[in-house]
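Quick notes on the structure that follows.
Numbers restart at 1 for each chain; the letters A, B, ... are given by sequence-line order, proteins then strands.
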Amino acid sequence: MSKNKVRVRFAPSPTGPLHIGGVRTALYNYLFARKNGGELVFRIEDTDSSRFVPGAEDYIIESFKWLGIQFDEGVSFGGDHGPYRQSERRDIYKKYVKQLLDANKAYIAFDTPEELDAKRQEIENFQYDASTRGMMRNSLTLSKEEVDALIAEGKQYVVRFKIEPGREIHVQDIIRGDVSINSSILDDKVLYKSADELPTYHLANIVDDHLMEITHVIRGEEWLPSAPLHVLLYEAFGWADTMPRFAHLPLLLKPVGNGKLSKRDGDKLGFPVFPLEWHDPKSGDISSGYREKGYLPQAVVNFLALLGWNPGNDQEIMTMDELVNLFDLSKCSKSGARFDYQKGIWFNHQYLLQQDNMAWTPAFDKILKENGIESTPEREAQVVEMMKTKVIEYVDNDNNKKKRNISFVSDLWPLAKFFFVAPEYDKEDKFVRKNWKEDTAADMQELAVVLSGLTDFSVESQKAAVDPWVEQTGKRPWNAWRVALVGTGQGPDMYELTAFLGKEETLNRIQSAINALG
RNA sequence: GGCGCAUUCGUCUAUCGGCUAGGACGAGAGAUUUUCAUUCUCUAAAGAGCAGUUCGAUUCUGCUAUGCGCUACCA
């Protein structure tokens, strides 16, 4: 077994959909593993049975599949260090809890949650530690017989870590350098609960990381304060020499206001905070996801990678392979990053534009079908080609309608509808009013005559017929012609559009416009 | 309250003691486009404050301020 092989893990709790911040943590773990030729483990930390949410685990797996983040082992991926679900590792934890108990590095405590609450009420800033454990109901204050009797009669208890006060504990963080705190401020953390026979995060985490031979722990900054506790646990088990290296990532902050990005922010501010759409099994609420919103996974990955890390130069558009190549934990920033979803939109725009036209057609085809349009992939690709750089969307931002270029395939429909459906003519439309005057109908009549003489309706053929007519008469038919075919001022070049629609449809629309607008 | 972490344009960030502080998003202006877009060009926009170290500090140190995180029988 290669002692030096890099092994990292992503270990979410199945308490709901995977948060975008969690996605980034997983991504960094993935990039780090690939970069160093190591392995990425997928572990499920379901030690809090009360918070378990059905479907969450599958959701998380599907999310990573969509994003292209691959695991080497773990839940649903197999491997030699299983089981990878903490709820299936009870016996393992029990063994290690006993080890700590036998070594007098942990103790059994019978205080009920109610008693602890009462203590907190009674004493300001109460903390269960070396200064208070002597006045609580635990195996340190009770005799062995009393403890055994209480357990025998089925009393619930927890196992607490016995922290020695007054020690300066140092954590060497790859991103932050030396971080130290005094052990006196730590409380005697609960390591194990008899109620569900499961450990808490801290114990399970240390035991699993050790047993799974994890070499680097890359996680969010919210874990930094408990890192010294984890160091103490590694020492207590005698695993200090194989303790993994730590890297605490900066947090993702709300786009506006204060605090870290939370699961609730997304739909409140109009952008997804989850990779995939999530249907809450209890409340029935639906939370939007990047996939369903029309984002490309490469765009999401690229965007997320740059939130808290950069390659050290100005390069922004990077494939997964490039990211792997360039990734460096020491280049991660230390401060929290505000989640700028507008930049995320820009990334999607970039990736969408890069895509082959045919890649758009499945999504576009779906939208067309929803609107009752039957078409062919070739025809759709042709429209995409013409519209690709003409995509706009109106985003309701703080009640101000802002026009911006966005690229979601779904934006195509309102802007490309006229390719498939004849427009409704609106005399009040600004563009129509400006470009459809009293004598326009007569001009269009003439144009129709010119066009009806053509048998070949290609761009070149139309040009050959219409350009001389334009030159001779000095007429400017373009905008009115556009009104006739599109209904307003948008769309591609007139000849392209006309060639796409074909002779019959073009002449029909010109006639309809004359009838409707006079 | 306690402990910890952080602090460069509105936002994401570059700079590892030499700066006329660079790039991107967003914003504004112009050019291009017979429409709407796209695209291109340009403009505005920053080192939290105060000390110290130094020939020289955005970069190092300290203090203050501010922000964030943790402070559960949750992770």
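- Pair assignment for C16(B): none, as no Watson-Crick or G-U wobble contacts are both less than 3.5 Å.
- Across all strands shown, G52(B) forms a Watson-Crick or G-U wobble pair, both distances under 3.5 Å, with C60(B).
- A 3.5 Å limit on both hydrogen-bonding distances identifies G1(B) as the Watson-Crick or G-U partner of U71(B).
- Computed from coordinates, the Asp314(A) CG to C25(B) P distance equals 11 Å when rounded to whole Å.
- Atom-to-atom, CD of Glu57(A) to P of A75(B) comes out at 16 Å; the value is rounded to the nearest Å.
- Of the side-chain N and O atoms in Arg120(A), one or more sit less than 4.0 angstrom from OP1 or OP2 of C73(B).
- The residue among Ala337(A) and Arg476(A) whose nearest nucleotide of RNA chain B lies closer to the 5′ end is Ala337(A).
- For the pair Ser49(A) and Asp196(A), the tightest heavy-atom approach, listed with the atom from each and the gap, is OG-OD2, 3.1 Å.
- When rounded to the nearest whole Å, the span between CD1 of Ile185(A) and P of G4(B) equals 7 Å.
- Within the structure, a side-chain polar atom (N or O) of Arg160(A) is placed less than 4.0 Å from OP1 or OP2 of C73(B).
- Pairing for U38(B) is absent, with no Watson-Crick or G-U wobble pair whose two atom distances lie under 3.5 Å.
- Closest to the side chain of Val190(A), out of G22(B), C73(B), U35(B), is C73(B).
- Ring geometry for Trp278(A) versus Tyr59(A): interplanar angle over 60°, hence perpendicular rather than tilted (30 to 60°).
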Distances under 3.5 Å between nitrogen or oxygen atoms of protein and nucleotides 65-69 of chain B:
| residue | atom | partner | partner atom | Å |
| --- | --- | --- | --- | --- |
| C68(B) | OP1 | Gly259(A) | N | 3.4 |
| G69(B) | OP1 | Lys260(A) | N | 3.2 |

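- What separates CG of Asn313(A) from P of C12(B) is a distance of 19 Å, to the nearest Å.
- Within the 4.0 Å cut-off from OP1 or OP2 of C74(B), not a single side-chain nitrogen or oxygen of Thr200(A) is found.
- With rounding to whole Å, Trp309(A) atom CH2 is found 13 Å from C12(B) atom C1'.
- Base pairing of U33(B) is not made with any nucleotide, judged by Watson-Crick or G-U wobble geometry with both donor-acceptor distances under 3.5 Å.
- Going from atom CE of Met136(A) over to atom P of C73(B) covers 10 Å, rounded to whole Å.
- When both pairing distances are held under 3.5 Å, G10(B) makes a Watson-Crick or G-U pair with C25(B).
- By the salt bridge (charged side-chain N to carboxylate O under 4.0 Å, His left out) test, Glu124(A) is found to be paired with no residue, residues two or more places apart in sequence or in another chain being considered.
- In this structure, A46(B) forms no base pair with any nucleotide, since neither Watson-Crick nor G-U wobble geometry is met with both distances under 3.5 Å.
- The aromatic rings of His202(A) and Trp223(A) lie perpendicular to each other, with more than 60° between the two planes, well past the 30° mark.
- One finds no side-chain N or O of Thr15(A) lying less than 4.0 angstrom from the OP1 or OP2 phosphate oxygen of A75(B).
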